[in-house]
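Since the structure is predicted, the reported quantities are computational estimates derived from the model, not experimental observations. Residue numbers begin at 1 in each chain, while the letters A, B, ... track the order of the sequences.
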Number of protein chains: 2
Amino acid sequence: MATRRATTQSAYQQIRRAIVEGRYRPGQRLVEQRIGEEFDLSRTPVREALRQLEAEGLVHSEPNRGAVVREVSLDEISDLYDLRARLEGYAAELAAQRIGPAELERLDAGIAAFEHALGADWDDELDQVRAIDDANREVHGAVLAGARHDRLGRLLERTVDVPLVFQAFRQFDRAQTERSHLFHQLIRDAILAGDGQRASALMFEHVMLGRDVLLAHLEASEAQVDELFST
Amino acid sequence: MATRRATTQSAYQQIRRAIVEGRYRPGQRLVEQRIGEEFDLSRTPVREALRQLEAEGLVHSEPNRGAVVREVSLDEISDLYDLRARLEGYAAELAAQRIGPAELERLDAGIAAFEHALGADWDDELDQVRAIDDANREVHGAVLAGARHDRLGRLLERTVDVPLVFQAFRQFDRAQTERSHLFHQLIRDAILAGDGQRASALMFEHVMLGRDVLLAHLEASEAQVDELFST
DNA sequence: CATGCCCGAATTGTATACATTTTCGCTCGA
DNA sequence: TCGAGCGAAAATGTATACAATTCGGGCATG
């Protein structure tokens with residue numbers, strides 16, 4: 001990732017994390033000046049970071065009225081996961097044909113990290129969720145890299161990758177997380193075997209299972225979306 | 001589309017058009033100051049426009065080294081069309097289930113405009129290409145709107161929609177353009193009939209046919225990509 | 001003559017000042 | 001009491017000034 005000069009990049013990462021982890025809630029206004037003071041920056045880099053986040057769809061902004069954290073409805077979540085399932089399925093299919101040793105190694109490392117995060121004894125549960133989320137990102141990132149399709153990779157990393165994944169892991173119980181781990185391994189094996197069909201189908205299913213869990217939680221609690229963030 | 005205040009938006013549109021139509025060639029540096037003078041703006045809106053274009057993938061930029069028009073290899077073009085075919089196929093599938101009367105009307109209007117652009121007698125061939133490109137955009141945009149999937153729409157409109165489509169129409173002969181027109185109508189009928197399967201397959205094929213024509217031209221002339229732009 | 005270093009011009013990154021627009025409370029009048 | 005209109009405060013949009021970085025050319029040196 002093109003690390004711009006430190007300030008813009010730091011603004012970007014901090015704002016992003018705050019949104020993804022739910023500290024900035026959906027609908028909340030993001031005032032440039034205020035955020036700048038919070039991170040001790042001028043408005044310029046904050047502004048640029050907000051524009052980046054807008055391009056990624058995490059933030060919505062209107063002409064002279066500034067940026068707000070984007071709100072997502074249940075239907076949109078459902079649609080979004082459908083889309084992710086297709087795109088990542090396609091990525092897995094390509095990876096089965098194109099992956100190289102470096103990306104395979106990264107994939108295995110991600111899987112190992114996931115297992116480690118799952119097993120270790122954590123003081124702070126939020127830290128565990130972060131570790132699992134990071135490892136998960138690494139696994140999916142490795143598949144994307146293996147697909148060797150620049151544009152697809154950027155779409156998935158920077159546009160479809162919403163806060164939802166992180167929030168989803170909060171909702172996952174242990175069994176569900178272990179099931180994710182299993183799917184990661186199956187996907188790895190299919191890719192290693194060069195079987196694009198199976199890799200694609202497994203990835204599709206893997207994402208859709210995540211969708212089901214998340215939606216079930218949301219519907220069961222009759223929650224508005226931002227209910228998710230109130231934990 | 002969120003029209004920001006005039007200057008940024010105008011910088012964005014002018015730079016974009018210059019890239020899409022090939023006046024700014026792949027690999028060319030885009031110096032903020034110079035462009036600002038060209039359009040009589042300060043660097044600020046130019047800078048913002050460039051960042052937007054970077055997010056869309058039309059421009060590539062590195063940390064302290066500025067922006068250049070992105071270069072695209074033959075393989076990437078092929079991959080890109082594959083991706084577009086899948087995404088637009090999916091959009092057509094959704095549209096068959098979700099489209100409403102307003103979008104259908106827009107679709108028909110786009111098809112009519114395409115036919116008109118194809119038939120009229122043009123002084124300037126470039127104007128005809130522009131008219132055809134606009135009508136084509138309208139048709140595909142209507143399908144996207146009918147899919148009622150915000151994120152998908154934005155991906156296709158703002159991220160995968162590269163200069164290639166415009167360049168492709170330059171390469172099309174009359175028969176190929178008429179074939180596109182035919183497919184537009186078939187897709188419309190399938191959507192109207194609510195047949196997602198067929199709509200999806202037709203759209204997939206439609207995009208892939210465009211890919212084939214473009215790639216055939218490129219390979220036949222043993223061209224580098226920017227050969228396209230030298231006309 | 002080749003090579004490496006240093007300096008300066010060009011360009012990007014960041015901060016700040018100014019202009020324009022929006023927001024929101026308040027007064028005034030029906 | 002309620003609503004329209006006004007105006008000040010706040011926030012965004014744009015311009016400009018300043019800092020840091022990159023890149024290339026010239027000069028010294030081996």
Side-chain angles (χ1 to χ4, degrees), chain A residues 1-19 23-71 154 158, chain B residues 1-19 23-71 154 158:
Chain A
M1 179 104 315
T3 58
R4 320 210 157 287
R5 194 187 178 84
T7 54
T8 294
Q9 208 42 330
S10 126
Y12 170 78
Q13 285 172 350
Q14 295 191 70
I15 299 171
R16 185 176 218 289
R17 165 169 271 201
I19 294 175
R23 293 199 304 281
Y24 291 168
R25 303 266 292 270
Q28 179 174 339
R29 281 194 68 182
L30 300 172
V31 178
E32 296 169 2
Q33 174 107 28
R34 210 190 52 71
I35 296 178
E37 283 165 13
E38 190 176 332
F39 302 145
D40 202 45
L41 299 168
S42 85
R43 278 178 54 210
T44 311
V46 172
R47 196 179 166 76
E48 235 174 80
L50 287 176
R51 285 288 146 74
Q52 258 184 271
L53 292 165
E54 186 188 0
E56 293 180 30
L58 265 63
V59 155
H60 175 77
S61 76
E62 286 180 52
N64 283 299
R65 309 175 64 203
V68 300
V69 179
R70 190 186 176 92
E71 312 190 54
R154 288 196 12 232
R158 295 180 30 187
Chain B
M1 178 106 314
T3 56
R4 320 211 156 286
R5 196 190 173 85
T7 54
T8 294
Q9 209 40 328
S10 123
Y12 170 78
Q13 286 173 347
Q14 295 191 71
I15 299 170
R16 186 176 216 288
R17 166 169 269 201
I19 295 175
R23 293 198 305 280
Y24 290 168
R25 304 265 292 269
Q28 179 174 339
R29 280 193 70 183
L30 300 172
V31 178
E32 297 169 1
Q33 174 104 32
R34 211 190 52 69
I35 297 178
E37 284 165 12
E38 189 175 333
F39 302 146
D40 202 46
L41 299 168
S42 85
R43 278 178 54 210
T44 311
V46 173
R47 196 178 167 75
E48 234 173 81
L50 287 176
R51 285 288 144 77
Q52 257 182 273
L53 292 164
E54 186 188 1
E56 293 178 32
L58 264 63
V59 154
H60 176 77
S61 77
E62 285 180 53
N64 283 298
R65 309 175 59 196
V68 300
V69 179
R70 190 187 177 90
E71 312 190 55
R154 289 196 11 231
R158 294 179 34 187

B:T8 side-chain N/O to D:dT14 phosphate OP1/OP2 under 4.0 Å
yes

Can you measure from CG (B:L53) to CZ (B:R51) and round to the nearest 0.5 angstrom?
11.0 Å

Validation row: B:Y24, B:I15 side chains within 4.5 angstrom (heavy atoms):
yes

A:A67: side chain to side chain contact (heavy atoms under 4.5 Å, CB included) partners, not counting sequence neighbours:
A:L30, A:L50, A:V59, A:S61

Looking only at side-chain atoms of A:R43, point me to the closest of D:dT22, C:dA15, D:dT12.
D:dT12

Using whole Å, report how far CG of A:L41 lies from P of C:dT14.
9 Å

Side chain of A:V31 - closest among D:dT12, D:dT14, C:dT12
D:dT12

Find the distance between CD (B:E56) and CD (B:E54) and round it off to the nearest 0.5 Å.
11.0 Å

Using whole Å, what does the distance between atom P of nucleotide D:dT12 and atom CD of A:E62 come to?
13 Å

A:L50 CG to D:dA11 P, in whole Å, measures 14 Å

Could you tell me whether B:L30 contacts a base, only the sugar-phosphate backbone, or nothing, with contacts defined as non-hydrogen atoms closer than 4.0 Å?
sugar-phosphate

With sequence neighbours excluded, tell me which residues meet side-chain hydrogen bond (donor to acceptor under 3.5 Å, both in side chains) with A:R47.
A:E32, B:E48

Contacts of B:Q13 that satisfy side chain to side chain contact (heavy atoms under 4.5 Å, CB included) - sequence neighbours left out
B:Q9

Which residues share a salt bridge (charged side-chain N to carboxylate O under 4.0 Å, His left out) with B:E37, sequence neighbours left out
none

Rounded to whole Å, CZ of A:R51 lies from C1' of D:dT14 at a distance of 12 Å

May I ask you to list the residues of residues 32-40 of chain B, by number, that have any heavy atom positioned under 4.0 Å from an atom of DNA chain C?
B:E32

At what distance, to the nearest 0.5 angstrom, does CZ of B:R23 lie from CZ of B:R17?
7.0 Å

Taking only the side-chain nitrogens and oxygens of B:S42, find out if one of them lies under 4.0 Å from OP1 or OP2 of D:dT14.
no

Across all chains, not counting sequence neighbours, the salt bridge (charged side-chain N to carboxylate O under 4.0 Å, His left out) partners of A:R29 are none

Please determine, for the side chain of A:T44, which listed nucleotide (C:dT16, C:dT11, D:dG13) has the closest atom?
C:dT16

Nucleotide nearest B:P45 when distance is taken to its side chain, options C:dT11, D:dA15, D:dG13
D:dA15

Here the distance between atom P of C:dG13 and atom CG of B:N64, to the nearest Å, is 5 Å

Only counting residues at least two apart or in another chain, list the ones meeting side chain to side chain contact (heavy atoms under 4.5 Å, CB included) with B:R65.
B:E62

Proximity to the side chain of B:R29 - top-ranked nucleotide from C:dT22, C:dT11, D:dT14:
C:dT11

Below 3.5 Å between N/O atoms, which protein atoms pair up with nucleotides 5-9 of chain C? Just atom names and distances, please.
none

Among the nucleotides D:dC23, C:dT14, D:dT14, whichever has the atom closest to the side chain of A:R47 is D:dT14

Would you kindly give the CD-to-C1' distance between B:E48 and D:dG13, to the nearest whole Å?
8 Å

